[in-house]
Structures are given as structure tokens and as C-alpha cells.
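Below is one structure, written out as C-alpha cells; comments come after it.
In what follows, every heavy atom counts, from backbone to side chain, and hydrogens, waters and symmetry copies are set aside. Quick caveat: nothing in here was measured; it's all calculated off a predicted structure. Counting from 1, the numbers follow the sequence of the chain as shown.
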Amino acid sequence: MSRGDRFINSLADGRSVWLEGQKVEQLQEHPAFHGTLHTLKRLFNQLDDPSVRDCVGFMPPHREAYAHASFLVPYSSQDLAKRSASFTYWAKDTHGMMSRLSDYGRSMITGWYAARRQLGRLGPAVRSEDYGLLRTGER
């Protein structure tokens with residue numbers, strides 16, 4: 001099963017989605033969400049496409065699958081350029097319609113991970129292993 005299909009299937013988790021006063025029972029089947037979900041599926045599958053994955057992702061250490069470059073903790077100007085290029089790629093690929101999809105939330109999580117030692121002093125709830133699960137989509 002493709003990464004995009006796994007994402008679409010993950011939406012059948014009992015979440016409550018409403019559209020025009022009606023509860024959407026099967027989000028992944030609803031025609032109002034078809035275009036957006038198809039685009040998300042295609043974008044997620046780019047991480048497994050050898051012709052594109054280096055433009056949008058990177059191979060994390062000790063992993064067998066690419067992760068989106070938004071999860072790349074930048075230690076150099078090259079890392080920052082890689083992240084920027086991946087955001088630009090998705091923005092151009094969606095004609096700007098989903099340009100914030102990859103950068104906002106994921107970058108916040110990556111920033112928290114990069115500051116995990118400092119944040120860990122504030123409380124034990126900040127754990128490095130949570131970042132790995134988020135990056136791989138297991139959480």
C-alpha cells in the first residue's frame with residue numbers, strides 16, 4: 001500500500017467532520033474532499049518516487065524510507081536550502097494552493113525536536129522518540 005493510500009485510510013479513525021451542517025461519515029469517500037485528498041495522496045507518494053523524492057525529502061539515519069525535508073533538522077546552509085527547495089517544490093506542484101502544507105506544522109515539530117534538550121528541562125513530556133514517530137507518520 002502506498003504512503004498516500006495509508007494516509008487516506010488513516011482518516012477513517014472516527015474523527016468528526018462536518019460540511020454544510022451535515023456530518024461526513026466517510027471523509028475519504030466524500031466527493032467534496034476528493035480533489036484535496038487526491039492531491040495529498042500524490043504529494044505523499046512523491047517521497048517514494050525515485051524521480052522526485054530527493055527534491056522533497058531526505059533519508060533519515062537508521063530508516064529505510066524517505067521523510068519530507070520539513071523534518072530535516074538544519075545544521076548547515078545546505079540543510080536550510082534543501083528544506084526551502086522542498087517547500088518550493090510542493091508550492092509549485094500545487095500552484096500555491098497547498099504551499100503551507102509541508103512547512104508550518106512540521107517545521108514547528110522539527111523546531112521543538114531541535115530544542116528538545118532545552119524543552120526537556122521544562123518537563124519530562126518532551127521525548128525525542130516522539131519526533132521519530134511523527135516524522136515517519138506512525139503517530
Side-chain angles (χ1 to χ4, degrees):
M1 179 181 299
S2 74
R3 192 182 304 229
D5 284 328
R6 284 194 311 270
F7 170 73
I8 301 298
N9 289 340
S10 77
L11 299 174
D13 61 358
R15 66 186 68 208
S16 182
V17 177
W18 292 76
L19 178 66
E20 298 178 350
Q22 302 279 332
K23 185 171 183 182
V24 177
E25 296 297 334
Q26 293 183 313
L27 179 65
Q28 65 275 32
E29 311 265 333
H30 197 284
F33 298 97
H34 175 77
T36 299
L37 293 178
H38 177 75
T39 299
L40 288 171
K41 176 181 173 178
R42 186 175 51 75
L43 292 172
F44 283 18
N45 286 342
Q46 287 177 349
L47 292 165
D48 299 319
D49 180 348
S51 68
V52 179
R53 66 183 178 204
D54 288 319
C55 296
V56 296
F58 74 107
M59 180 64 73
H62 314 294
R63 292 287 179 174
E64 296 180 11
Y66 273 65
H68 192 275
S70 59
F71 291 112
L72 177 63
V73 177
Y75 293 106
S76 66
S77 59
Q78 291 85 4
D79 290 345
L80 287 171
K82 174 123 182 99
R83 287 172 51 88
S84 177
S86 72
F87 301 150
T88 300
Y89 189 94
W90 271 18
K92 286 182 178 180
D93 192 31
T94 62
H95 305 286
M97 295 302 295
M98 296 188 176
S99 60
R100 300 301 311 265
L101 177 68
S102 62
D103 67 343
Y104 179 71
R106 292 174 178 177
S107 291
M108 197 166 45
I109 292 166
T110 301
W112 290 338
Y113 173 76
R116 67 192 177 281
R117 289 183 185 84
Q118 294 85 352
L119 293 172
R121 291 186 212 134
L122 301 174
V126 179
R127 303 177 322 165
S128 298
E129 54 271 16
D130 289 340
Y131 173 75
L133 294 174
L134 289 165
R135 182 181 61 201
T136 60
E138 296 173 30
R139 183 176 248 189

Tell me whether Ile8 is reachable from Leu19 by hopping between hydrophobic residues (I, L, V, M, F, W, Y) whose side-chain heavy atoms are closer than 4.5 Å.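 Same hydrophobic cluster.
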Would a hydrophobic clustering, with Ile, Leu, Val, Met, Phe, Trp and Tyr connected at side-chain separations under 4.5 Å, put Val17 with Leu40?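 Val17 clusters together with Leu40.
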Are the side chain of His95 and the backbone of Met97 linked by a donor-acceptor contact shorter than 3.5 Å?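 No, because the side chain of His95 does not come within donor-acceptor range (under 3.5 Å) of the backbone of Met97.
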Grab the two heavy atoms, one from Ala65 and one from Pro60, that are nearest each other, plus how far apart they are.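 In this case the closest contact between Ala65 and Pro60 is O-CD, 3.4 Å.
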Can you give me the closest heavy-atom contact between Ser70 and Ser86, atom names plus distance?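 Nearest pair, atom of Ser70 first, then Ser86: N-OG, 4.4 Å.
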Kindly compute the distance separating [atom1] ([X]) from [atom2] ([Y]), expressed to the nearest 0.5 Å.
X     : Y     : atom1 : atom2 : answer
Arg83 : Phe71 : CZ    : CZ    : 9.5 Å
Ser10 : Asp5  : OG    : CG    : 11.0 Å
Ser76 : Asp79 : OG    : CG    : 3.5 Å
Arg42 : Thr94 : CZ    : OG1   : 8.0 Å

Listed pairs under 3.5 Å, donor-acceptor, residues 44-57 side chains, sequence neighbours left out:
{"from": "Asn45", "atom 1": "OD1", "to": "Ser2", "atom 2": "OG", "distance (Å)": "3.3"}
{"from": "Asn45", "atom 1": "OD1", "to": "Arg3", "atom 2": "N", "distance (Å)": "3.4"}
{"from": "Asn45", "atom 1": "OD1", "to": "Gly4", "atom 2": "N", "distance (Å)": "2.7"}
{"from": "Asn45", "atom 1": "ND2", "to": "Lys41", "atom 2": "O", "distance (Å)": "3.4"}
{"from": "Gln46", "atom 1": "OE1", "to": "Trp90", "atom 2": "NE1", "distance (Å)": "2.8"}
{"from": "Gln46", "atom 1": "NE2", "to": "Asp93", "atom 2": "OD2", "distance (Å)": "2.8"}
{"from": "Asp48", "atom 1": "OD1", "to": "Arg3", "atom 2": "NH2", "distance (Å)": "2.8"}
{"from": "Asp48", "atom 1": "OD2", "to": "Arg3", "atom 2": "NE", "distance (Å)": "3.2"}
{"from": "Asp49", "atom 1": "OD1", "to": "Ser51", "atom 2": "N", "distance (Å)": "2.9"}
{"from": "Asp49", "atom 1": "OD1", "to": "Ser51", "atom 2": "OG", "distance (Å)": "2.8"}
{"from": "Asp49", "atom 1": "OD2", "to": "Ser51", "atom 2": "OG", "distance (Å)": "3.3"}
{"from": "Asp54", "atom 1": "OD1", "to": "Tyr66", "atom 2": "OH", "distance (Å)": "2.8"}

Report all side-chain donor-acceptor pairs from residues 23-39 shorter than 3.5 Å, counting only partners two or more places apart or in another chain.
{"from": "His30", "atom 1": "ND1", "to": "Ala32", "atom 2": "N", "distance (Å)": "3.0"}
{"from": "Thr39", "atom 1": "OG1", "to": "Gly35", "atom 2": "O", "distance (Å)": "3.0"}

